[in-house]
Number of protein chains: 2
Amino acid sequence: MIPFTVTILGSSSALPTSRRFPTSQVVTLNNQPYLIDCGEGTQIQLRKYKARIGKLNQIFISHLHGDHIFGLPGLLSTMSLLGRKTDLHIYAHSPLQEILDCHTAFFRSEMDFRVVFHPLNFKRPQVIFENKKIKVESFPLKHRVPCCGFRFSEQPKLPHLRKDKLEEFDIPLKERVKIKEGSDFTLPDGRIIPHKELTLPAGKPRSYAFCTDTIYHEPAIDSIQGADLLYHEATFANDMVDWAHKTYHSTAGEAATMAQKAAAKKLILGHFSARYYDIEPIVNDARSIFPETYAAEDGATFEIL
Amino acid sequence: MIPFTVTILGSSSALPTSRRFPTSQVVTLNNQPYLIDCGEGTQIQLRKYKARIGKLNQIFISHLHGDHIFGLPGLLSTMSLLGRKTDLHIYAHSPLQEILDCHTAFFRSEMDFRVVFHPLNFKRPQVIFENKKIKVESFPLKHRVPCCGFRFSEQPKLPHLRKDKLEEFDIPLKERVKIKEGSDFTLPDGRIIPHKELTLPAGKPRSYAFCTDTIYHEPAIDSIQGADLLYHEATFANDMVDWAHKTYHSTAGEAATMAQKAAAKKLILGHFSARYYDIEPIVNDARSIFPETYAAEDGATFEIL
C-alpha cells in the first residue's frame, strides 16, 4: 500500500509548552508532503522530524489565530534561503494575504518564489485542491474567527488486473488499461469475458480529516464521515465544558462524539490546553465514548489505514 | 555577588537547525531578565529554560532580519494570554514598529498592554536604557541592514562600609549613607576620620557585550572595551572569510581578534551557519587567537564575572 501518514509537528493550544509546539502537521501521501497550519516553530519541527521542506507546495491554514500562523514568515524565509523557485500555494482566510504582504514588503528582496494565495470558503464544503493522487476538501467549523477543517482523500484507484486471468486469456498490453477502466475483453473466438471476472477491486480510498479549532459542530459530520483517521481538537477535558463552549473549543468527550457519529475508524486528539501537564484525563474522557482514541504528541507519525 | 548571567536561547544563523534555534538571549541581573533579539521559537525556549516571561519588560533587537525578530508576534501574543498589563519596551530599528502594527491591527483585540517603541541610533553609541542597577548601551555594527550591538553594564556601586570601623567609631545609621557617598566622618571630639579609612571599594561593575550580526568592525571596539563577557557572531570558520565578507558576517578568527583588541575577559561565539554540524573548527580558529573562547549552545548559561 502506498504510504499515507500524518506527522504531528505541534499539539499545543494557544500557549505552547516546553513539550508541545503550536499546531502544525504534515500529511504525506507517497512521499509528497502537505502542511496543515503553521504555528511558531514549524520550520524547526519540520527539520527535526525530517520532513522535506523543499517538496512542500501546499499549505492549508485552518484559521488566523497566531498559534496557527506565526511560523509562516520563518518558513517562507527559509524556503527562500534554500533556493526555492517554484510557486507555493497557501489556502487560508483572505486577511492572511495582507499579513504576509506586510512581511514580504519588508523582506521582499529575499524571496525568489511566488506565493499563490487561495481564499477559503467558510460557508460550505469545497474541493480546494486535487491532483491524480489526492483530493483536499475544506469544510466550515465553528470558532471565534472563521475556521475550516480539511479532509485529505486518496483519489479512487482503478481496479487491479488479476494476474491469473491475464495469463489464462493471454490479454495483450494494449487492452489492459481499457479493462482497468471498465471494459470487458473479447477473445479472438468472439467470447466476451466480463470485466468483473478479470479484476479485483482497488482498496477503498483512504482519508484523513482535520478538525481544529472548533466548538462541537455537528454540521461537520458529513464532511468527516467515514474518515480512516480523524484529528479533532480536545483543548479541554469534559469537566471544563463551560469554558470550552465560551472559548469555542471542544472537550475530549465532544471530540469522541464527533468521531463516533461520523463513524471514523480512529481518533487523534490534540490542541491541548497548557494547563494539562498530564493529558491522560483528556484521553480517558474520549475513550469512554470512542475507544480507538489516541493523543497527538509532537513528532508522532500516524498511519492512515 | 549579585548573579549576572546570560542564557543562550538560540545560536543558529538564518537557517535554524534541529539543535539550534534562531538568535535570542536572556541577560539576567539580580533576577531581572532582559531579552536580546527574538528569533522564531523564542517563547518556547524561554519556557524551556525557565525564564520568567512575565518579568520581561525590555526587548533589545539588534536588526530586522527575520531570524532575529520572527518570534516577536508569538511572544507578544503569549504575554497577552498570560494577562500582561504592564508596558513592554522594544528597542529596535524603526520599521519594526510598522511590521508589529500590521500584526496588532489584526490581533489587536487580544493585547491588553502597551508596546512602547524606542528607535535605535545607528550612527553612534547611545545609552538606551538605565535604572539603578543596570545600564544598556547600543553601538553601531556593520551588516547588510542597520544593526546595533548592545552592552549591558552594572551601574557603579557605592563602596562598602568597613564593619570593624563602624563598630570602632560607633558610626550612627544616619551617617552611613553619606560616608558611602564619599563624606568623611567627624567624631564627637572633632577628629575627622577620612572616608578612605572607613570603606572598601565596591567590585568593578561587570559588563556583557553582544555583537551580532556584523562584518569585522573595529569602530565597535571602544564600546566593547574591557567587557567581562563578549558574545560575537562567528557565522563562519576562517576558511570562509570571503563569503563572510560578502554577506557582512564575521569569521571565528575575526571575532577572536575583536575580543583580543577589546581586552575582553571571555568570548562566546554564536550565530553558526547551518553548514557546520560540528562547530569545533570554528572554536579552534578563535582559540588560536583568543584562548578564552567558548561556543554558545542553546540552553547554556554563562556567568558574567
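Below, chains carry the letters A, B, ... as their sequence lines are ordered, and counting in each starts from 1.
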Does any non-hydrogen side-chain atom of [Y] lie less than 4.5 Å from one of [X]?
X     : Y     : result
B:I69 : A:P73 : no
A:L82 : B:L15 : yes
B:I44 : A:P22 : yes

So does A:E297 have more than 12 non-hydrogen atoms from other groups sitting under 6.0 Å from CD?
yes
Heavy atoms of other groups near B:Y248 OH, more than 12 under 6.0 Å:
no
A:D67 side, atom CG; B:L81 side, atom CG - distance, nearest 0.5 Å
8.5 Å
Value rounded to 0.5 Å, distance of CD in A:Q43 from CD in B:E40
4.5 Å
Run the side-chain donor-acceptor check on residues 47-55 of chain A: report pairs under 3.5 Å with partners two or more places apart or on a different chain.
unit_1	atom_1	unit_2	atom_2	d
A:R47	NE	B:P16	O	3.4
A:R47	NH1	B:P16	O	2.8
A:K55	NZ	A:N31	O	3.1

Chain B contact via [X] - side chain, backbone, both or neither, heavy atoms under 4.5 Å:
X     : result
A:L46 : neither
A:E98 : backbone
A:T42 : backbone

Under the salt bridge (charged side-chain N to carboxylate O under 4.0 Å, His left out) test, which residues partner B:D278, sequence neighbours left out?
none
Looking only at heavy atoms, the pair that brings A:S77 and B:F70 closest together is CB-CE1, 3.9 Å
